[in-house]
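Computation of the quantities below employed the complete heavy-atom set of this structure, encompassing side-chain atoms and omitting hydrogens, waters and symmetry-equivalent molecules. Residues: numbered from 1 along the sequence shown.
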Amino acid sequence: MEFGIEVIALLMAVAFVAGTIDALAGGGGLLTIPALMAAGIPPVAAIATNKLQSSFGTASAVYAFARKGRIDFRRFLKPAAAAFAGSAIGAWTLQRVSPAFLSGLIPVLLIAMVIYFALAPKASEEDRHSRLGPAALIGFVAAIGFYDGFFGPGTGAFLTTALVALFGMGLVSATAHTKFLNLSSNLAALLALIIGGKVLWTLGLLMALSSVLGGQLGAHLALRIGAKAIRPLLLAMSLLLTAKLLSDPANPLTRFVLGLF
């Protein structure tokens, strides 16, 4: 596929904002996947290309957090392996699902993200006692990894909230470790989608440049102010993007809803 300079510049700008949001609270895919689809890219290729660019941005954020000593790699090695395995299976499943099904499913998942961001409890800044043990952490991360490989947007927010609410981590610590887990799941999905020949390399690498810069900015902001300020933005953008996707009369979900009336 070929794209004009204006489209590429717009997608790079979206990738920068998404990289910043991802490093802060997760959910950058809520911006990039609909933007890629709006540029005329089929759903699976959009998700694959998003994995390429977001992997670079997430790696940039991991580096920034690790440089400040905020990631316990030893403790989270097994959960990261679980995220990798779950994501690889999710990406394998993705490539065997009808694109038409995905066109209708994505707005449903976006709406689910809106509900999640609206109802999720506010995270604490202090470490607390974990309600669940290491085995539960591994199982939970594997399940979210599957979701990340299959779809992706909101994975970081799910992981961050779970690490705080269920596993007793403070907000900044949870955000930092979420980036490490998310990097593992992104890489697994990316490898599976590369093997499937779904990645648009030129566009994905150009967006990756912006995503790296956004990831550095987001990690810096997270270490200073935390992730709470980003929730209203995610809610607003999720609603706007859901409305845009559903405004397409060719969308299967739109046709189904219209058929009810």
Side-chain angles (χ1 to χ4, degrees), residues 15 18-19 21-33 43-44 46-66 71-73 75-97 102 106 109 112-113 116 134-164 166-167 169 174-196 198-199 204 207-208 211-212 214-215 218-219 227:
I21 292 174
D22 255 338
L24 276 165
L30 292 171
L31 304 180
T32 49
I33 290 178
V44 175
I47 292 173
T49 304
N50 179 65
K51 287 299 177 190
L52 175 62
Q53 67 87 24
S54 66
S55 292
F56 280 88
T58 304
S60 173
V62 168
Y63 173 75
F65 283 120
I71 299 178
D72 185 347
F73 289 101
R75 178 187 174 190
F76 276 79
L77 183 60
K78 289 183 179 179
F84 187 95
S87 182
I89 296 171
W92 180 87
T93 304
L94 168 67
Q95 296 176 77
R96 285 150 182 81
V97 173
L102 279 179
I106 287 176
L109 294 176
M113 293 297 99
Y116 165 75
L137 174 60
I138 290 172
F140 180 87
V141 169
I144 296 299
F146 177 88
Y147 166 79
D148 192 25
F150 183 76
F151 182 56
T155 297
F158 277 127
L159 285 169
T160 298
T161 300
L163 290 177
V164 171
L166 301 178
F167 300 100
M169 301 185 73
T175 301
H177 287 87
T178 286
K179 293 300 100 186
F180 177 48
L181 296 172
N182 213 172
L183 176 60
S184 181
S185 64
N186 275 347
L187 290 176
L190 178 59
L191 287 173
L193 292 166
I194 287 174
I195 292 171
K198 304 298 183 181
V199 177
M207 292 177 69
S211 185
V212 167

- Find the distance between CG (Asp22) and NZ (Lys179) and round it off to the nearest 0.5 Å. 4.5 Å
- Item | Euclidean distance, Leu191 CG relative to Leu187 CG, rounded to 0.5 Å | 6.5 Å
- Nearest heavy-atom approach of Thr175 to Ala23 is CG2-O, 3.2 Å
- Item | Distance (rounded to the nearest 0.5 Å) between Leu181 CG and Leu159 CG | 6.0 Å
- Query: Counting heavy atoms not belonging to Phe76, are there more than 12 under 6.0 Å from its CZ?
  - Reply: yes
- Item | Side-chain heavy atoms of Asp148 within contact of Lys51, under 4.5 Å | yes
- Query: Rounded to the nearest 0.5 Å, how far does CE of Met207 lie from OG1 of Thr49?
  - Reply: 8.0 Å
- Item | Which atom of Ala15 lies closest to which atom of Thr32, heavy atoms considered | CA-CG2, 4.1 Å
- Note on the structure: Shortest non-hydrogen pair, Ala81 vs Ser184, comes out as N-OG, 4.5 Å
- Measure the spacing between NZ of Lys198 and CD of Gln95 and express it to the nearest 0.5 Å. 6.0 Å
- Query: Any donor-acceptor pair under 3.5 Å linking the side chain of Ser87 with the backbone of Ser185?
  - Reply: yes
- Query: Between Ser211 and Gln53, is there a donor-acceptor pair closer than 3.5 Å when you use the side chain of the first and the backbone of the second?
  - Reply: yes
- Message: I'd like to check Thr93 versus Phe146 (side-chain heavy atoms, cut-off strictly below 4.5 Å). Are they in contact?
- Response: yes
Indicate every side-chain donor-acceptor pair of residues 58-66 with a distance under 3.5 Å to a residue at least two apart or in another chain.
residue	atom	partner	partner atom	Å
Thr58	OG1	Ser54	O	2.8
Thr58	OG1	Asn186	ND2	3.3
Ser60	OG	Val212	O	3.0
Ser60	OG	Gln216	NE2	2.7

- Task: With sequence neighbours excluded, tell me which residues meet ring-ring contact (aromatic ring centres under 6.0 Å, His included) with Phe180.
- Result: Phe73
- Please round to the nearest 0.5 Å and tell me the distance separating atom CZ of Phe56 and atom CG of Leu190. 8.0 Å
- List the steps, then state whether side-chain contact (heavy atoms from CB on, under 4.5 Å) holds for Thr155 with Thr178. CA-CA 9 Å; Thr155 297; Thr178 286; over 6 Å; no
- Does the side chain of Leu137 come within less than 4.5 Å of Leu163's, by heavy atoms? yes
